[in-house]
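Data block below; observations after.
Naming convention: chains lettered A, B, ... in sequence-line order (proteins, then strands); numbering from 1 in each chain.
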Amino acid sequence: MAHTNAREAAPATIAGSATVTGEIAGDIVDWFAENARELPWRRPGFTAWGVLVSEFMLQQTPVTRVIPRLEEWLDRWPTPEALASAPSGEAVRAWKSLGYPRRALWLHACAVTITECHGGVVPSDVGELLALPGVGDYTARAVAAFAYGARHPVVDTNTRRVLARAVDGNAEPAPPSKRDLAAMDALLPADPVRARAFNAGIMELGAVVCTARSPRCESCPVRELCAWRAAGYPEYDGPRKAVQKRFEGSDRQVRGLIMAELRAAHVPVSHEEIGRLWPDAAQLARALAGLLADGLAVPSPQGGITLPE
DNA sequence: AAGACGTGGAG
DNA sequence: TCTCCAAGTCT
């Protein structure tokens with residue numbers, strides 16, 4: 001398996017006790033203070049709006065791909081009000097090839113709601129954040145914690161993997177569940193400043209050390225406390241994760257081709273032009289129908305298809 | 001509550 | 001080449 005060079009002799013450690021989990025949090029906070037990457041959203045004075053935009057872009061998308069889009073976006077639309085006054089199609093166009101373009105539409109809708117219902121200020125309340133389109137358990141708490149310093153458990157895929165290994169002794173986390181929030185909450189330092197650092201630090205640890213493929217256990221700050229290591233790095237034995245379907249030839253690929261065409265065009269794209277994008281007419285029609293249903297594409301009064309207003 | 005939803009880099 | 005998977009959310 002992939003962890004061969006990370007394995008070491010299993011120490012006799014009692015993992016999972018309150019003491020150990022408290023040490024884990026403290027060690028991660030200390031490690032993060034020394035090892036945090038310099039990222040745009042960690043710059044002093046980065047706005048709550050910037051945090052919200054970055055969290056949308058980071059959903060299922062690697063940091064390195066997000067950074068250039070984020071900088072462009074915030075230069076152009078530095079406030080929710082600025083984005084709200086632009087056509088939603090411009091948001092989709094500026095999203096470029098980040099993927100999952102519904103996020104651009106949702107982010108635009110967030111800007112409109114924030115402008116009209118929240119006085120142009122990104123909400124700090126988790127309930128109000130959850131009410132925004134495209135904002136789920138992760139993003140709502142990430143904004144509350146990172147933009148406003150509130151003490152909430154922030155649970156993403158990195159956090160779940162680190163907790164699965166260090167606390168539960170499993171190679172991989174169980175499928176996401178509401179219980180993850182409670183589990184993280186139990187580890188969260190009482191002090192909001194440290195809680196914030198722990199939330200960010202455990203994500204960072206999962207992103208750069210306790211990675212999915214080849215964890216760098218030799219440089220892990222909680223190596224000595226890790227339940228997975230203590231158990232001798234047992235392989236994952238839970239339910240098999242659903243295999244992601246092949247992208248080549250998929251409806252997703254066809255949707256992507258159509259969206260790329262709409263982004264590139266500044267006049268309506270004719271059905272004939274769309275027809276040239278993909279040989280399978282039935283699949284193409286299905287993809288286009290889906291985009292129309294999602295509001296990512298709209299019929300133009302003059303004929304053809306465009307991005308939304 | 002599985003499955004849909006983009007894209008591209010790494011191994 | 002091909003599989004995995006990356007700061008999730010929605011239905």
Answer yes or no: side-chain N or O of [X] and base N or O of [N] forming a donor-acceptor pair under 3.5 Å.
X: A/T61; N: B/dG6; value: yes
X: A/Q244; N: C/dC5; value: yes
X: A/R65; N: B/dT7; value: yes

Please check if the number of heavy atoms outside [X] that lie under 6.0 Å from its [atom1] is greater than 12.
X: A/R37; atom1: CZ; result: yes
X: A/Q283; atom1: CD; result: yes
X: A/Q302; atom1: CD; result: yes

Minimum-distance nucleotide to [X] side chain [options: [options]]:
X: A/D156; options: C/dG8, B/dG6, C/dC4; answer: C/dG8
X: A/E55; options: B/dG6, C/dA7, C/dC4; answer: C/dA7
X: A/R263; options: C/dA6, B/dA4, B/dT7; answer: B/dT7

Please report the distance, rounded to the nearest Å, between [atom1] in [X] and [atom2] in [N].
X: A/M57; N: B/dG8; atom1: CE; atom2: P; value: 15 Å
X: A/F56; N: C/dT9; atom1: CZ; atom2: C1'; value: 9 Å
X: A/I67; N: C/dA6; atom1: CD1; atom2: C1'; value: 14 Å
X: A/R160; N: C/dT9; atom1: CZ; atom2: C1'; value: 14 Å
X: A/R42; N: C/dA7; atom1: CZ; atom2: P; value: 12 Å
X: A/L129; N: C/dT9; atom1: CG; atom2: C1'; value: 15 Å
X: A/R255; N: B/dG6; atom1: CZ; atom2: P; value: 4 Å
X: A/K241; N: C/dG8; atom1: NZ; atom2: P; value: 13 Å

Would you indicate what [X] reaches in the nucleic acid, counting non-hydrogen atoms under 4.0 angstrom: base, sugar-phosphate, or nothing?
X: A/D137; answer: sugar-phosphate
X: A/R286; answer: nothing
X: A/T157; answer: sugar-phosphate
X: A/P176; answer: nothing
X: A/V66; answer: nothing
X: A/L39; answer: base
X: A/R141; answer: nothing
X: A/G136; answer: sugar-phosphate
X: A/V243; answer: sugar-phosphate

What's the separation between atom NE2 in A/H271 and atom CG in A/L288, rounded to the nearest 0.5 Å?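 It comes to 5.5 Å.
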Does [N] have OP1 or OP2 sitting under 4.0 Å from an N or O in the side chain of [X]?
X: A/K245; N: B/dG3; answer: no
X: A/R161; N: C/dA6; answer: yes
X: A/Q59; N: C/dG8; answer: no
X: A/S97; N: B/dG8; answer: yes

Does A/E204 offer a backbone N or O that forms a donor-acceptor pair with the side chain of A/N158 under 3.5 Å?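 No, A/N158 side chain to A/E204 backbone: no donor-acceptor pair under 3.5 Å.
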Donor-acceptor under 3.5 Å (A/R65 side chain, A/L98 main chain): no
P atom, C/dA7 versus B/dG3: distance in rounded Å?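 Rounded to whole Å, the distance is 23 Å.
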What interatomic distance, in whole Å, is found between P of C/dT11 and the corresponding atom of B/dG6?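 Result for the P pair: 14 Å, nearest Å.
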With DNA chain C as reference, determine whether A/W41 or A/L132 sits nearer its 5' end, using the nearest nucleotide of each.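 Result of the comparison: A/W41.
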DNA chain C: A/T139 or A/P62, which has the more 5' nearest nucleotide?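 Here A/P62 is the residue nearer the 5' end.
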Is there a donor-acceptor contact under 3.5 Å linking the side chains of A/T61 and A/R103? yes
